[in-house]
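Report on the following structure.
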Amino acid sequence: MNTLRTSMSESVDERREQIKRAALKVFAKQGLTGAKMSSIAAEAGISQGLSYRYFSSKEEIFTMLVQEALEEAQSAIQDLQNLPGSPKDKLKAFTQRMLDESQKAHFMLIQVAMTSEDIPAQAKEWLTRYSAIDTIGQFVPLFKQGQEIGEFVEGEPQRLLFLYFSVVTGLMLQDTPASPGYWMKEVDMLLKIIAKEET
């Protein structure tokens, strides 16, 4: 009996994750207003009626995904100092994580949520907590270290990092015809915005 209950519980969890993965793709592209439960169900390969067995509304899924995306972003930032290599190596690895197809949708969802007005109150609360954290500021010590050893260009770290991440975020949001993973191959080119030319 316990085995059956465990199996059923795992099945429910798997279905919920399937729907959440589909919703993440839909929300990242269409936002909350443009997304419909029918399009989420279609992306998940299930009927719309079945999707309502696991979630009461698209707003419930959206709020849950925003929380998870923000936690993922913070985790990635906190892991920054533990990455191997020089400051440039660490920033390159972080950028690759942002642009990776399996992670990109989380960062895109945060941008969508931050630029949308009609989002659930709980999602707004998560965003408010996230906005209170100086995200760019967390990269400043690493950037200064890179400047000291001659890896990064001179200048105000906050402004240079803001420019860099604005470009990276803009690329994530572009619906370009480039092949999957294209920008992953171009991270070195993106780094030229803030990195010194190697001699």
Side-chain angles (χ1 to χ4, degrees), residues 1-79 94-133 135 138 165-166 168-184:
M1 190 69 173
N2 287 338
T3 304
L4 178 60
R5 189 178 294 118
T6 301
S7 178
M8 289 176 63
S9 176
E10 289 175 353
S11 179
V12 168
D13 290 343
E14 287 173 7
R15 183 68 79 185
R16 283 174 64 87
E17 288 302 314
Q18 177 186 356
I19 295 169
K20 283 165 57 181
R21 284 194 301 271
L24 181 60
K25 291 181 182 179
V26 173
F27 288 138
K29 290 181 180 178
Q30 301 177 16
L32 178 61
T33 305
K36 293 179 171 53
M37 281 296 278
S38 57
S39 56
I40 293 170
E43 179 69 33
I46 62 173
S47 68
Q48 185 175 346
L50 182 59
S51 66
Y52 281 112
R53 291 187 188 178
Y54 300 92
F55 296 99
S56 61
S57 65
K58 66 177 184 178
E59 286 78 12
E60 179 189 359
I61 309 174
F62 184 84
T63 300
M64 189 177 299
L65 287 172
V66 167
Q67 178 185 358
E68 291 178 3
L70 292 172
E71 289 173 351
E72 168 66 26
Q74 281 305 304
S75 175
I77 293 169
Q78 289 167 4
D79 288 344
F94 181 85
T95 306
Q96 288 174 326
R97 183 171 178 176
M98 286 182 71
L99 293 173
D100 183 85
E101 290 298 321
S102 65
Q103 301 291 331
K104 187 167 69 168
H106 285 102
F107 290 101
M108 289 175 66
L109 181 69
I110 293 171
Q111 293 301 314
V112 167
M114 292 178 77
T115 55
S116 301
E117 294 181 4
D118 299 326
I119 63 172
Q122 184 62 57
K124 283 184 180 178
E125 184 179 332
W126 288 116
L127 284 170
T128 300
R129 292 183 194 177
Y130 179 75
S131 298
I133 301 170
T135 304
Q138 295 182 64
F165 284 114
S166 293
V168 174
T169 301
L171 290 172
M172 285 194 298
L173 296 175
Q174 291 296 317
D175 188 15
T176 60
S179 59
Y182 173 78
W183 285 111
M184 285 286 285

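Everything numeric here is computed off the predicted structure, so don't read it as measured data. Only this structure's heavy atoms are used, side chains among them; waters, hydrogens and symmetry mates stay out.
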Point to revise | Sub-4.5 Å side-chain heavy-atom contact between Tyr54 and Val12 | key: yes

**Study point:** Nearest non-hydrogen partners of Ser39 and Val26, listed with the distance
**Key:** OG-CG1, 3.8 Å

Review point. In Å and rounded to the nearest 0.5 Å, what is the NZ to CD distance from Lys124 to Glu117?
Key: 8.0 Å

Check your understanding: Distance-only, no hydrogens or angles: does the Ser75 side chain make a donor-acceptor pair with backbone N or O of Glu71 under 3.5 Å?
Key -> no

Practice item. Kindly determine whether Leu109 and Phe62 satisfy side-chain contact (heavy atoms from CB on, under 4.5 Å), including the steps that lead there. Key: CA-CA 9 Å; Leu109 181 69; Phe62 184 84; 3.8 Å; yes

Point to revise | Which atom of Ala23 lies closest to which atom of Ile61, heavy atoms considered | key: CB-CG2, 3.5 Å

Review point. Are any of the side-chain heavy atoms of Ile19 and Ile46 separated by less than 4.5 Å?
Key: yes

Check your understanding: Which pair of non-hydrogen atoms, one from Trp126 and one from Leu70, has the smallest distance, and what is that distance?
Key -> O-CD1, 3.5 Å

Review point. Between Ile110 and Tyr130, is a side-chain contact (heavy atoms from CB on, under 4.5 Å) present by the stated rule, with each step listed?
Key: CA-CA 10 Å; Ile110 293 171; Tyr130 179 75; 4.1 Å; yes

Check your understanding: With a 4.5 Å heavy-atom cut-off, do Phe107 and Leu99 have their side chains touching?
Key -> no

Check your understanding: Would a 4.5 Å heavy-atom cut-off, applied to side chains only, mark Met64 and Arg16 as touching?
Key -> yes

Exercise for review: Using a 4.5 Å cut-off on heavy atoms from C-beta on, say whether the side chain of Ile119 contacts that of Leu127.
Suggested key: yes

Review point. Does NZ in Lys25 sit with more than 12 non-hydrogen atoms of other residues, nucleotides or ligands closer than 6.0 Å?
Key: no

Check your understanding: Where do Thr63 and Ala123 come nearest, in terms of heavy atoms and distance?
Key -> CG2-N, 3.8 Å

Review point. Closest heavy-atom contact between Met37 and Ser51?
Key: CE-OG, 3.6 Å

Point to revise | Point-to-point distance, once rounded to the nearest 0.5 Å, from CG of Asp118 to OG1 of Thr33 | key: 5.5 Å

Exercise for review: Kindly indicate whether the side chain of Leu65, heavy atoms from C-beta on, has any atom under 4.5 Å from the side chain of Glu68.
Suggested key: yes

Revision key, fill the gap. d(Gln67 CD, Gln122 CD) to nearest 0.5 Å is 7.5 Å

**Study point:** Nearest-0.5 Å distance that lies between atom CD in Gln138 and atom CD in Gln78
**Key:** 7.0 Å

Check your understanding: Between the side chains of Gln18 and Arg15, does any donor sit under 3.5 Å from an acceptor?
Key -> yes

Review point. Considering all heavy atoms of both residues, which atom of Val112 and which atom of Ala28 are nearest to each other, and what is their separation?
Key: CG2-O, 3.6 Å

Revision key, fill the gap. CG of Leu32 to CD of Glu59, rounded to nearest 0.5 Å, is 5.5 Å

